[in-house]
Structures are given as C-alpha cells and as structure tokens.
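This report concerns only the one structure given below.
Ligands are counted one by one from 1 in listed order, and the atoms in each one are counted from 1 as well. Here the structure is a predicted model, which means the values were calculated and not measured. The chain is numbered in sequence order, starting from 1.
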Amino acid sequence: MQFGIIARKFSSSATVQSAIKNVTIIGGGLMGSGIAQVAAQAGQNVILVDVNSDVLAKSQKSIGANLGRVAKKIYKDKPQDGEKFVAESMARIKTATDPAEASKSADLVVEAIVENIDIKHKLFKQLDEAAPQHAILASNTSSLSINEISSVVKRKDKFGGLHFFNPVPVMRLLEVVKGAETSEETYKSMMEWGKSVGKTCITCKDTPGFVVNRLLVPYICEAIRLYERGDASARDIDIAMKLGAGYPMGPLELADYVGLDTNKFILDGWHKKFPDQQLFKPIPLLNKLVAEGKLGVKTGEGFYKYEKK
Ligand SMILES: CCCCCCC[C@H](O)CC(=O)SCCNC(=O)CCNC(=O)[C@H](O)C(C)(C)COP(=O)([O-])OP(=O)([O-])OC[C@H]1O[C@@H](n2cnc3c(N)ncnc32)[C@H](O)[C@@H]1OP(=O)([O-])[O-]
Ligand SMILES: NC(=O)c1ccc[n+]([C@@H]2O[C@H](COP(=O)([O-])OP(=O)(O)OC[C@H]3O[C@@H](n4cnc5c(N)ncnc54)[C@H](O)[C@@H]3O)[C@@H](O)[C@H]2O)c1
C-alpha cells in the first residue's frame, strides 16, 4: 500500500494510522506548505489556509514539485504510478483564505503563521470558536511558549505544540510539546498523528526552544557573532562546521535558509524575556541585514547571495 511505503522511506517509525483524517493548516508559507504535503502524502484531507491567495498559488506549485521529487524516489521504475501518487496527493489539498470557515470540519488544526504572539492569539481565538469541540489545536511555533499561546483558548486540554523542521518533507523529527494543561489523550493523538505523517516524534516540555532550538539558536547566534568580529570568513565558518562537525549545512547557510527575519524574531523575543542571558543578546549585524531587507534565501541575499526564484 502506497502510504506504508512512503512512511518507511521517510521515517524510521513503523507506519501508524491516525484517527485524525481532516487537517487544517493555517499559514501557507515555508512550513505550512510542507506540513500540508506530508499530511496529504499520508492520505489525509488537507485544507491549507493563507490570508494571501498569491502565497497559496505559490505553495501549491512548490508542493507539486516536491511531491514529484518524492515520487521519483518511490516510483523509480514506475513513472505512471508516480504521476498517480502526485495527482492523488494534490487532490487531497484544498486551499482557502478564511481560517475560521476552513476549520469547521477539522480534527486537527496546525497553525504555521508569523512568529508573533499577538497575531497568533487573534487567530487562535477565532479557531477556538470555529473548530468542532473534538478538534485539537496546535502551534508550529519555533520559540514562543505553548502555555502563553493557549492562554486565549477555552480548550486548553486540546492544545499543544507540533514543531516541524525545515524542509518539512525531508526532516524526520517532530517535537511534540505538552503544555501545562495538554491532556494525555491530546498528547497521545499528537504523537500518533506525527508518526502517521512519517515523523519520528520526541516529547518536549514547554521550555524556550523546546530541545532543538534551545541548542540551535545559541549555536547560530555564536556563528554570526564570530563572523561579525571578523574571526573567520562566512565561507570558512560554514566549511568548518560541515567538514569538522558533520552538519549538512553550515550555521550561516542555515540562518539564510531559515530566514534572517525568523532568526531575529526568535532572538528578540528571548532577549526581552531573559534580558540577563548573554546568549540571547541582540546582534548588530543580524539587525542590520534584516533592516536592509536581506533576509536570506527568500529575498535573494543574506550572508550569501542567491538567485531569486
Ligand atoms: C537564531 C537561530 C534561528 C533558528 C531557527 C529555527 C527554525 C526552526 O524552528 C527549526 C528548524 O527548522 S531548524 C532547520 C533544520 N533544518 C536543517 O538543519 C537543514 C539542514 N540541511 C539539510 O538537511 C540539507 O542541506 C537539505 C535536506 C536541506 C538539502 O540537501 P542537499 O543534499 O544539500 O541538497 P539536495 O540534493 O537538493 O537535497 C537532498 C535530498 O533532499 C530532497 N529534498 C530537498 N528538499 C526537499 C523538499 N522540500 N521536498 C522533498 N524533497 C526534498 C532532495 O530531493 C534530495 O533527495 P535525494 O534522495 O538525496 O535525491
Ligand atoms: N522557517 C523555519 O525554518 C521554521 C521552522 C519551524 C517552525 N517555524 C515556525 O513556523 C511558523 C511559520 O513560519 P514560516 O517560516 O512558514 O513563515 P512564512 O512567512 O513562510 O509563512 C507564514 C504565512 O502565514 C501567513 N499568515 C500570516 N498571518 C495569517 C493569518 N492570520 N491567517 C492565515 N495566514 C496567515 C502569511 O501570509 C505567510 O504566508 C512560525 O511560527 C515559525 O517560527 C519556522
């Protein structure tokens, strides 16, 4: 069966079926489009929502291209089966621009919008009103507190964190975050759903950056500071960490890949919350690049220059 094959290829976990069949994803950017893709590949009905319909058109295009890459690997010698897989997965993804309307038949709503607590609060209030009582609400936040995000909803027991990694179809980890009031049933459903979309799930407490970003953010920031001081060139820092520490990308390449605006959002938020923590102090070079609109791959320039897509 095709879903089984996909899960084995893309995750070390066994194939798991989830009771969650209808997933609404809010935010059709980098992360939301990837989450939509893995859910559709797993046979689930997906509604991908963005306030910007141009973003949705772009996301559908990139999901189609990325499903093609997946199909080429799985159906190497059967291109017709590959085409069918892409067409069937794409057909499971509907798009919409109204988050409340799109959540009315959801079993799970995953939020992947901008990393801003006020904007997330406004959205979750709407979702809490609109989604069916049984639906789980989850945030893909990189750095905000799940308890703080869920403070505006009534269903705190059905709220948690589902933190995916970029690029979602390739990265095998999913951090499942338990808030103070997340019920055991919700936690189990989130773990099961994560496995059903081919991810290896780990359990995280609601601590800043969970596991990966608590380690990764200071590492990337230290690399930017090292470059800012002129201790080594950007290229040499990246080569060092790839060849000397075995990372697939160097820290500055990764910062450009994630987006320097996202880097700054995270750092500013943590600095405000933990002003005495040296590791979270603002970085003038990062602020300068963001102010100049040099946000990394997505704008064609960050620490490096890129061809605009
Ligand atoms: C202040 C600090 C801020 C931190 C921010 C944290 C942000 C966040 O919360 C956490 C993160 O996400 S942290 C970020 C965590 N992320 C990281 O750390 C990423 C680190 N980087 C990597 O792991 C690799 O460089 C990549 C996988 C990105 C590209 O690999 P590569 O070798 O350089 O280039 P390649 O040859 O092109 O691709 C290789 C294979 O992948 C396949 N493929 C690619 N994209 C695909 C897609 N969208 N769909 C489907 N498939 C896709 C491709 O087909 C190929 O398959 P094959 O079977 O080999 O032919
Ligand atoms: N970029 C990463 O590597 C990464 C990795 C893991 C988690 N995250 C987290 O995922 C979230 C999204 O990040 P991204 O990189 O995909 O951002 P992005 O900027 O690529 O996409 C966000 C999308 O949300 C849309 N949006 C904003 N407000 C909305 C609303 N109220 N309703 C519907 N759509 C709305 C925007 O139009 C935009 O298209 C953030 O919380 C981020 O911290 C990012």
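- Of all atoms in ligand 1, listed by their number and element, those nearer than 4.0 Å to a heavy atom of N166 are 12 (O), 14 (C), 15 (C), 16 (N), 17 (C), 19 (C).
- Ligand-side atoms of ligand 1 in range of V258: 5 (C), 7 (C), range being under 4.0 angstrom from any heavy atom.
- Counting heavy atoms only, H163 comes closest to atom 9 (O) of ligand 1 of the residues Q41, K73, H163.
- By the 4.0 Å N-to-carboxylate-O rule, D256 lies too far from K298 to be salt-bridged with it.
- If you look at I266 next to ligand 1, the close heavy atoms, those under 4.0 Å, all belong to the side chain.
- Ionic pairing of K288 and E228 is not present here: no N-O contact between side-chain nitrogen and carboxylate oxygen is shorter than 4.0 angstrom.
- Of the options V38, N140, N263, V70, the smallest heavy-atom separation from atom 2 (C) of ligand 1 is shown by N263.
- Near L216, with a cut-off below 4.0 Å to any heavy atom, the atoms of ligand 1 are 13 (S).
- Of all atoms in ligand 1, numbered sequentially from 1 with element shown, those under 4.0 Å from a heavy atom of L254 are 14 (C), 17 (C), 18 (O).
- K94 is linked by a side-chain hydrogen bond (donor to acceptor under 3.5 Å, both in side chains) to nothing, counting only residues two or more places apart in sequence or in another chain.
- If you number the atoms of ligand 1 from 1 as listed, the ones under 4.0 Å from a heavy atom of P167 come out as 28 (C), 48 (N).
- Contact annotation for N213 and ligand 1: only side-chain heavy atoms (C-beta onward) come within less than 4.0 Å of the ligand.
- Ion pairing between a basic and an acidic side chain is recognised when a charged N comes within 4.0 Å of a carboxylate O; R155 and D128 show such pairing.
- Inspection of the E175 and T203 side chains reveals no N or O donor paired with an N or O acceptor under 3.5 Å.
- Of all atoms in ligand 1, listed by their number and element, those nearer than 4.0 Å to a heavy atom of F165 are 10 (C), 11 (C), 12 (O).
- With respect to K154 and E129, a salt bridge is recorded, a charged nitrogen being found less than 4.0 Å from a carboxylate O.
- Under a 4.0 Å heavy-atom criterion, V217 is in contact with ligand 1.
- In terms of the ring-ring contact (aromatic ring centres under 6.0 Å, His included) criterion, Y187 has no residue partners (sequence neighbours excluded).
- Those atoms of ligand 1 with a heavy atom of P169 less than 4.0 angstrom away are 49 (N), 50 (C).
- Taking only nitrogen or oxygen atoms, main chain and side chain alike, R69 reaches within less than 3.5 Å of ligand 1.
- Against a heavy-atom cut-off of under 4.0 Å, P248 is close to the following atoms of ligand 1: 20 (C), 21 (N), 22 (C), 23 (O).
- Around atom NZ of K281, more than 12 heavy atoms belonging to other residues, nucleotides or ligands sit under 6.0 Å away.
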Taking a 3.5 Å cut-off between nitrogen or oxygen atoms, can you list every pair linking ligand 2 to the protein, with distances?
unit_1   : atom_1 : unit_2 : atom_2 : d
ligand 2 : 3 (O)  : N166   : ND2    : 3.3
ligand 2 : 8 (N)  : S142   : OG     : 3.1
ligand 2 : 10 (O) : N140   : ND2    : 3.0
ligand 2 : 16 (O) : L30    : N      : 3.4
ligand 2 : 16 (O) : M31    : N      : 2.8
ligand 2 : 20 (O) : L30    : N      : 3.0
ligand 2 : 34 (N) : V51    : N      : 3.4
ligand 2 : 37 (O) : D50    : OD1    : 2.7
ligand 2 : 37 (O) : D50    : OD2    : 3.4
ligand 2 : 39 (O) : D50    : OD2    : 2.7
ligand 2 : 41 (O) : I113   : O      : 3.2
ligand 2 : 41 (O) : E115   : OE1    : 2.6
ligand 2 : 41 (O) : K120   : NZ     : 2.8
ligand 2 : 43 (O) : E115   : OE1    : 3.0
ligand 2 : 43 (O) : S142   : OG     : 2.8

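- Under a cut-off of 6.0 angstrom, the local environment of NZ in K21 is crowded, with over 12 non-hydrogen atoms contributed by other residues, nucleotides or ligands.
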Which side-chain N or O atoms in residues 212-219 pair as donor and acceptor under 3.5 Å with protein atoms at least two apart or in another chain?
unit_1 : atom_1 : unit_2 : atom_2 : d
N213   : ND2    : S142   : O      : 3.0

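- Using a 4.0 Å cut-off between charged nitrogen and carboxylate oxygen, K195 and E192 do not count as a salt-bridge pair.
- A donor and an acceptor atom, one from each side chain of Q41 and S89, are nowhere located under 3.5 Å apart.
- Contact between Y257 and ligand 1 is present, with at least one heavy atom of the residue lying under 4.0 Å from the ligand.
- W193 and F164 have perpendicular rings, their planes meeting at more than 60° on a 0 to 90° scale where under 30° would count as parallel.
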